[in-house]
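First comes the structure, then the notes that go with it.
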There are 2 protein chains.
Amino acid sequence: MTFPVVGMVGGGQLARMTHEAGIPLGIRFKLLSDSPQDSAAQVVSDVVIGDYRDLETLRAFARGCDVITFDHEHVPMEHLRALEADGIPVRPGPDALVHAQDKGVMRAKLDEIGAPSPRHRIVSDPDDVTAFADEVGGFPVILKTVRGGYDGKGVWFVRTPEDAAAPFKAGVPVLAEEKVEYVRELAANIVRSPHGQAVAYPVVESVQVDGVCDTVIAPAPNLSEALAGEAQALALRIAKELDVTGHLAVELFETTDGRILVNELAMRPHNSGHWTQDGAVTSQFANHVRAVLDLPLGDPRPRARWTVMANVLGGDYPDMYAAYLHCMAHDPQLKIHMYGKDVKHGRKVGHVNTYGDDLDDVLERARHAAGYLRGTITA
Amino acid sequence: MTFPVVGMVGGGQLARMTHEAGIPLGIRFKLLSDSPQDSAAQVVSDVVIGDYRDLETLRAFARGCDVITFDHEHVPMEHLRALEADGIPVRPGPDALVHAQDKGVMRAKLDEIGAPSPRHRIVSDPDDVTAFADEVGGFPVILKTVRGGYDGKGVWFVRTPEDAAAPFKAGVPVLAEEKVEYVRELAANIVRSPHGQAVAYPVVESVQVDGVCDTVIAPAPNLSEALAGEAQALALRIAKELDVTGHLAVELFETTDGRILVNELAMRPHNSGHWTQDGAVTSQFANHVRAVLDLPLGDPRPRARWTVMANVLGGDYPDMYAAYLHCMAHDPQLKIHMYGKDVKHGRKVGHVNTYGDDLDDVLERARHAAGYLRGTITA
């Protein structure tokens, strides 16, 4: 059968779960991974081990792929342009992906299209940070390296002028953002295909602990229909204006004065969309595959009143198998998603999804399982 | 992480879908397949290409597996015993699996435990068939080779004494069964683990066309609670008495006089359970993996009022991709499961699942998609 080949660059859990979603679609999945031990490389048949920073490796990988997509945003921009010049469809394309690679470019573009952001500007040194703080009402402010950050890395919460030195040490441009007064974080996840079809998932609440996503609640509780619609429309507009193809996560602040502001963009399946595996008609992973192949998209609607995702972080015990068995016995409805990774303290090694009609119960089940697997709950 | 390795013998679509279900469980999946083009071999990382009829191939494959299970029932009994003697857990074990390999052994055992069957006996030649027909009220009768049949192969509907010669040509013992007057076929699917935990899925109706499963409706419409409970209890009892581990499908006739009779047994994930992928909290594939690892089983309850599975058979066109795209556009809620197989006329190359509150609508959507993919419906 002449079904197409999707090549994915990066062997993390997002690629693992994209492959899982691609199996029923009958697509051929090809992986470029750093190591055969990578999360996705453990489960994919067609794996090339190589360095995505090397153009010839990328080119050799791309031969025989009908489209290239990504598990992460780190492929150098010039390589993406070279692949496109070779005639390989790259989705999302470099002109879109640059906004997920570079927070400075992202902020400038969001300003240009009138998308609401925290006040911000590129700062040149600690004195400039102090000047920025004065402009936005004083410290604290947020500093971010424009490239390379994730899960709280590359982000500094700066309380005093003295704190402002560290971010400049990396030699990367630094973006300053006002510290927004927000009641919670939201995420608007949408998927868009090259011919312009797009679907919007329900807006979710994302609960962060120490800068890392801990829990996602779908849909976001007590979110007004107006603000939910505004968030979805904003994400769809950003996708269109930036010509994003595939999955786009727009991480948002819901401010104390009832506005939404864009925090971050991710152009790939995203942690805030993992709930869709068990909670939506079509998962973000399946829709990402459909989108990059320009296939019609699947229904994004929820299958349950509430779905909760809780990340499983590594704890003190390297072997989770006994805890995993316990969790299955404790809750036969629990949906466990393990990534095949070695346990390291604080590392995301899996997640769980729960769903049902009673939010308190659904939250409690997800948090119990995630805590038990981590080892912070023992009964 | 020290998660176990499940070795599956056979590279068909059941292995493909078992691997898919094993990915989120974090288990390592190892496959013994005839060819790298096999349905499962296309998507599994750890594949051994070899012949399951060769003991040394099986032994080499089993090294490094924590348990061996099966995509089909054709592994020679003596090889299974040799693996067990080597200390490899084989699930289901040979003492159970023999009942799925040999219809004569199956019928004798079901008689012994008092499970209701069509009247039957092993017949030795065409004259003996006529004698059997006289015992059960005349022709037609059903003849089956005790080994090697599937999807209508190895089964003869015998109307006259002259028809009775063909089945004896294979040189395999032949089982005669009365032609049962039935209103429909049902299937009771259960999963049982080595420590004896078991779960029962809702009893389904299986609609056969030309001896091949066409459509499965979950739950079976208008089935009395009493008969549904009887079918589930019967399947659980058979699993216990035969010491089945993993998934067991009990195919049943619902007779015109309101009884259920056992037609066939299958000890592996089964076509009548494919609806569980999108219609149940835990799929038959996930529960089969959990069972063979002796992990606690997942909830078998349905997630929708009605779920329908329709098999996609090969038609006249070798390339289904355009039809597949059409089906996605036509019904964004459709769940497509393709097996990566070349299209041959009448070959099962995939299935679709639909679910919802209105059975007529759910049936129509499934049949439309399956027919459109096959090419028998063009609008």
Side-chain angles (χ1 to χ4, degrees), chain A residues 1-4 16-17 19-29 36 41-47 197 199 277-278 281-282 290 293-301 303-304 318-321 324-343 349-350 355, chain B residues 1-4 16-17 19-29 36 41-47 197 199 277-278 281-282 290 293-301 303-304 318-321 324-343 349-350 355:
Chain A
M1 221 185 269
T2 59
F3 275 48
R16 179 183 177 101
M17 294 185 277
H19 174 56
E20 178 194 340
I23 292 173
L25 292 173
I27 64 113
R28 307 270 179 147
F29 192 80
Q42 293 171 22
V43 298
V44 173
S45 58
D46 193 357
V47 182
Q197 190 193 12
V199 293
Q277 293 174 305
D278 301 297
V281 176
T282 314
R290 289 163 75 146
L293 289 171
D294 211 10
L295 286 166
L297 301 178
D299 190 333
R301 280 178 294 181
R303 288 197 70 174
D319 188 352
M320 279 189 181
Y321 196 70
Y324 161 95
L325 191 154
H326 169 92
C327 289
M328 286 186 178
H330 182 79
D331 182 0
Q333 295 175 58
L334 183 71
K335 307 308 288 183
I336 302 184
H337 298 263
M338 300 303 292
Y339 305 156
K341 291 178 162 183
D342 287 334
V343 172
V349 295
Y355 55 83
Chain B
M1 219 185 269
T2 60
F3 274 48
R16 180 183 175 100
M17 294 186 277
H19 174 56
E20 178 195 340
I23 292 173
L25 292 173
I27 64 114
R28 307 272 179 145
F29 192 79
Q42 293 172 24
V43 298
V44 173
S45 59
D46 192 356
V47 183
Q197 189 193 11
V199 293
Q277 292 175 303
D278 301 298
V281 175
T282 314
R290 287 162 76 146
L293 288 171
D294 212 8
L295 286 166
L297 300 177
D299 192 332
R301 280 178 293 181
R303 286 195 72 175
D319 189 353
M320 280 190 181
Y321 196 69
Y324 160 94
L325 191 153
H326 169 92
C327 289
M328 286 185 178
H330 182 79
D331 182 0
Q333 295 175 58
L334 183 71
K335 306 308 287 185
I336 302 184
H337 299 263
M338 300 303 292
Y339 305 156
K341 290 179 163 182
D342 287 334
V343 172
V349 296
Y355 55 82

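Within every chain, numbering begins at 1; the chains are lettered A, B, ... in the order of the sequence lines, protein sequences first and strands thereafter.
The distance from atom CG of Leu295(A) to atom OH of Tyr321(B), rounded to the nearest 0.5 Å, is 3.5 Å. Atom CD in Gln42(A) sits 10.5 Å away from atom CD1 in Ile23(B) (nearest 0.5 Å).
Contacts between Val44(B) and chain A at a heavy-atom distance below 4.5 Å involve the backbone alone (N, CA, C, O). Using a 4.5 Å cut-off between heavy atoms, Arg301(B) contacts chain A through its side chain alone, with no backbone atom that close. In this structure, the portion of Arg290(A) lying under 4.5 Å from any heavy atom of chain B is its side chain and not its backbone. Neither the backbone nor the side chain of Ala21(B) comes within less than 4.5 Å of any heavy atom in chain A.
When all heavy atoms of Gly340(B) and Arg28(A) are compared, the pair lying nearest together is O-NH2, 4.2 Å. Closest heavy-atom contact between Tyr324(A) and Leu25(B): OH-O, 2.6 Å. Counting all heavy atoms, side chain and backbone alike, Arg303(A) lies closest to Ala304(B) at NH2-CB, 4.2 Å. Considering every non-hydrogen atom in both Ala41(B) and Ser45(A), the closest pair reads O-CB, 3.8 Å.
When the candidates Asp278(A), Val199(A), Asp331(A) are compared by the number of heavy-atom contacts under 4.5 Å with chain B, Asp278(A) comes out ahead. Per-residue counts of heavy-atom pairs under 4.5 Å with chain B were compared for Leu334(A), Leu297(A), Asp299(A); the largest is that of Asp299(A). The candidate with the highest count of non-hydrogen atom pairs below 4.5 Å against chain B, out of Glu20(A), His337(A), Arg16(A), is Glu20(A).
Listed by chain and residue number, His351(B) satisfy the ring-ring contact (aromatic ring centres under 6.0 Å, His included) test with Tyr339(B) (two or more places apart in sequence, or in another chain). Residues meeting the ring-ring contact (aromatic ring centres under 6.0 Å, His included) test with His326(A), sequence neighbours left out: His330(A), Tyr372(A).
Ile336(A) has its side chain out of reach of Pro24(B): every pair of non-hydrogen atoms, C-beta onward, lies at least 4.5 Å apart. Counting only heavy atoms from C-beta outward, the side chains of Leu325(A) and Pro296(B) approach each other to under 4.5 Å. The shortest side-chain heavy-atom distance between Thr282(A) and Lys335(B) falls under the 4.5 Å cut-off.
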